[in-house]
Amino acid sequence: MFAARHTNGLRIHAVGIRGFLLFCALFAGCSGEKTNGGGAPPASTVNGGTPGAEQAVGERLFLETRFAQAFKVFVDNGGNINDPNTGDAVVDSVETTGLPITPGPFAGTSMNCRACHMVDDVLTAPGGGMRTYADFARRSPIPARADGKTHAPRNSPALVNSTVDRPDGVLFHFDAEFNSMEDLVAATFTGRNFGWLPGEKTQAIAHVARVVRGDDGSGALAQQFDGLSYRLLFTGTNASIPDEFKLPPQFRAFVGSGTDQEIFDAVVRVVAAYVNGLLFSQTEDNGAPIRSPFDIFLEINGLPRQPDSNESPIDYSRRLRTLINAGGFAPQFVTANPNRQDGQFQFHSQSFVFGAAELDGLKMFLAEPAAIPASPAELTAGRIGNCIACHAAPNFTDFKLHNTGTAQKEYDDIHGTGQFAGLAIPNLATRNGNYNQFLPATEAHPTALEPFRSIPALANPGLTDLGIWNVFANPDIPNPQAKIRTLLCEHQVPCLLTDSILLDRAIARFKTPGLRDLGHSAPYMHNGQFDTLDDIITFYGLVSAQARAATLRNGATQLQGIALTAGDTASLVAFLKSLNEDYQ
């Protein structure tokens, strides 16, 4: 088991890292679960370093509270670079959908990655609990600056399983802005969530390098990592570095002689490696998930737990549907957690079961209509979730981009039914010809107004969030364009559609999230507007009807295949809860 410990107000997720690295060395495809292991850590060589050490050092950098703009101000005003106690109010408490949790785990310091991507940091606090590297807010709080913004336009997505392999290559953030984890980490350390305004990227890079150069290992966080300075850690070869922290050559840096950019890039690489290792628990042989009631149900019934070679996730899901609907299938149900002596979850209040209700929900989850849209008879009978159209097993996401009506619902709830349909959205020529008026702020356009990547407000009907519409064909965001174009073209080769047509297809589209361990990532959707799974099932019933009636602007075609009745909700929710597990 993994136990967090407290040091000077910081909740450090670093205990057991030696065992974790040993586990990773023994079994390819590490689960991301910090597990205490016996025996000596893996031997390293001076030249080769220790495989996995980048994740150990990356965790420290993920927790580092001195990279934020507020800390730069603190140091510029005479503060000690090795004293993290800046006192930025944004981390004094943890924002939730109810009362804030006070004090927050990083109270008295400044912003870090963990403040928005938590794990067990507020596990026992009222209103808190376990997280899968997500926050508790509808929209994530950000440090106060001159622009007056207090929250990001979206909340923090769970990072666990966010980097699993996908056929079209990785894209990160709700709007697919980032082409790699390195791109995302670099933008975070130099972006608004860390208090940096557009146009301050050079300052941010110089500040991160300044902290790394000036760190002497005396801080409370460093003490949890053998009290070594970053200067020593990044050598990867110093004799004082324990094996588990000896970075392989590709992650090293010469802090003393390196440029600001070189040091910054090294930090980014190591943090990206850490996030890339955050995965739900898997088998050692084929990477099949193992710890949820659903996974155990598959195992004890001899059902396939992974697609076969060259089998797509949706074909795997359809094969699973055929097997559980077969006349001779006599299911064995899950009544206890085999991973714990008491048979229950450690971090969920629900019972650890996969029974008749969960199986009924699974059948609905896997069910598809005969054609799109669902027929009147299917709509009357219900029991068709059409969920696998976007959430195929075993990862329960297609990694694609869809408009499920989330942005429209929020906008219409504020401004009135039907108002989103009439919102004036510029075409490609108008948008790109007036960058500052319509597109998000960037280093090249620091004063851009970003009305379509904003929090909707009653006082300003021009504000909303259009998702990847802000990113596609945006000249300031070149890296993800090829991948986004492939997705918007629905894999047509060659794609003969113009960027103007594809931009219309991009309106209010967001990435499909995975559905594993939803109990540790509420509230749901990019704007956190749903508190419960029941709320979401009800929402999908409403937007599917809108999609069939053509009143959902740019709505996903897949929505038209949903045919659910009010009586279907309980079983579907029971199944979704069976995807919960004890992430540690």
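Residue numbers count from 1 along this sequence. All figures in this text were calculated on a predicted structure; none of them were measured in a lab.
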Spatial distance of atom CG (Asp517) from atom CG (Leu576) [nearest 0.5 Å]
12.0 Å
Output yes when a side-chain donor or acceptor of Arg66 lies under 3.5 Å from a complementary backbone atom of Val212, and no otherwise.
no
Interatomic distance, Arg548 atom CZ to Gln560 atom CD [nearest 0.5 angstrom]:
7.5 Å
Can you tell me which residue among Leu503, Asp504, Thr498 is in a side-chain contact (heavy atoms from CB on, under 4.5 Å) with Leu428?
Leu503
Would you say that Lys409 contacts Phe420 through its side chain, given a criterion of any heavy-atom pair below 4.5 Å between the two side chains?
no
Basic-acidic side-chain contact under 4.0 Å: Arg291, Asp295:
no
Side-chain ion pair, Arg252 and Glu54, N-O less than 4.0 Å
no
Any Leu184 side-chain heavy atom under 4.5 Å of His173 side chain
yes
Got Ser292 and Arg516 here, is their nearest side-chain heavy-atom distance under 4.5 Å?
yes
Quick one: does any side-chain atom of Asn276 pair with a main-chain N or O of Ala272 as donor and acceptor, under 3.5 Å?
yes
Does NZ or CZ of Arg60 come closer than 6.0 Å to the centre of the six-membered ring of Tyr230, within 45° of the ring's axis?
yes
Calculate, to the nearest 0.5 Å, the distance between atoms CG and CD1 belonging to Asn403 and Ile507 respectively.
8.5 Å
So that I can tick it off, tell me whether Lys511 and Asp398 are bridged by a salt bridge, with the cut-off set at under 4.0 angstrom between side-chain N and carboxylate O.
no
For Ala407, is there any backbone N or O sitting under 3.5 Å from a side-chain donor or acceptor partner on Asn527?
no
Can the positive tip of Arg166 be found less than 6.0 Å from the middle of the six-membered ring of Phe172, inside 45° of the ring normal?
yes
Hydrogens and angles aside, do Thr442 and Asp476 bring a side-chain donor and acceptor to less than 3.5 Å of each other?
yes
Check whether Gln282 reaches the backbone of Ala288 with its side chain - one donor and one acceptor, N or O, closer than 3.5 Å.
no
Establish, for the pair Arg305 and Tyr316, whether the NZ or CZ atom is under 6.0 angstrom from the six-membered ring centre and no further than 45 degrees off its axis.
no
Going by distance alone, is a donor N or O of one side chain under 3.5 Å from an acceptor N or O of the other, for Asp183 and Asn479?
yes
Listed once per pair and sorted, the ring pair (Phe, Tyr, Trp, His ring centres under 6.0 Å) pairs that draw on residues 471-502, sequence neighbours left out:
none
By salt bridge (charged side-chain N to carboxylate O under 4.0 Å, His left out) - contacts of Asp465 (at least two apart)
Arg154
Applying salt bridge (charged side-chain N to carboxylate O under 4.0 Å, His left out), can you list everything that pairs with Arg431, at least two apart in sequence or on another chain?
none
Would Glu581 and His520 count as having a side-chain donor-acceptor pair, cut-off 3.5 Å?
no
Between atom CZ of Phe106 and atom SG of Cys116, what is the distance when rounded to the nearest 0.5 Å?
10.0 Å
List the steps, then state whether salt bridge (Lys or Arg N to Asp or Glu O under 4.0 Å) holds for Arg138 with Asp531.
CA-CA 9 Å; Arg138 299 197 190 281; Asp531 292 343; 2.7 Å; yes
Please state whether the rings of His445 and Tyr435 are parallel, tilted or perpendicular, taking 30° and 60° as the class boundaries.
parallel
Counting distance only, does the side-chain N/O of Asn580 pair as donor-acceptor with the main-chain N or O of Gly519 below 3.5 Å?
yes
Step by step, would you call Asp175 with Arg453 a salt bridge (Lys or Arg N to Asp or Glu O under 4.0 Å)?
CA-CA 10 Å; Asp175 58 10; Arg453 191 194 267 178; 2.9 Å; yes
State whether the side chain of Thr430 and the backbone N or O of Asn427 hold a donor-acceptor pair below 3.5 Å, judged by distance alone.
no
Could you tell me whether the side chains of Thr406 and Thr404 share a donor-acceptor contact shorter than 3.5 Å?
yes
Sub-6.0 Å ring centroid separation between Phe396 and Phe294
yes
Side-chain donor-acceptor contact under 3.5 Å, Tyr524 with Asp535:
no
Step by step, work out the salt bridge (Lys or Arg N to Asp or Glu O under 4.0 Å) result for Glu200 and Arg145.
CA-CA 12 Å; Glu200 295 180 341; Arg145 289 298 307 276; 2.9 Å; yes
Output yes when a side-chain donor or acceptor of Asn161 lies under 3.5 Å from a complementary backbone atom of Phe280, and no otherwise.
yes
When you check the gap from the basic side-chain N to the acidic O, do Glu95 and Arg139 get nearer than 4.0 Å?
no
Just one of Phe67, Phe62, Phe71 clears the ring-ring contact (aromatic ring centres under 6.0 Å, His included) bar with Phe189, so which one?
Phe67
Assess whether a salt bridge exists between Arg131 and Asp120, defined as any Lys/Arg side-chain N lying under 4.0 Å from an Asp/Glu carboxylate O.
no
Count the heavy atoms belonging to other residues, nucleotides or ligands that lie under 6.0 Å from NZ of Lys201, then report whether that count exceeds 12.
no
To the nearest 0.5 Å, atom OG of Ser500 lies from atom CG of Asn432 at 9.0 Å
Hey, does the side chain of Arg114 reach the backbone of Leu63 with a donor-acceptor pair shorter than 3.5 angstrom?
no
So, are Glu450 and Lys149 salt-bridged, with charged N and O less than 4.0 Å apart?
yes
Have Gln419 and Asp412 got a donor and an acceptor in their side chains that come within less than 3.5 Å?
no
For the CG atom of Leu502 and the CD atom of Glu490, what is their distance to the nearest 0.5 Å?
9.5 Å
Parallel, tilted or perpendicular: rings of Phe510 and His526 (30°, 60°):
parallel
Given salt bridge (Lys or Arg N to Asp or Glu O under 4.0 Å), test Arg213 with Asp260 step by step and report yes or no.
CA-CA 10 Å; Arg213 290 190 186 102; Asp260 290 349; 2.8 Å; yes
Without hydrogens or angle criteria, can the side chains of Ser140 and Asp135 be said to hold a donor-acceptor pair below 3.5 Å?
yes
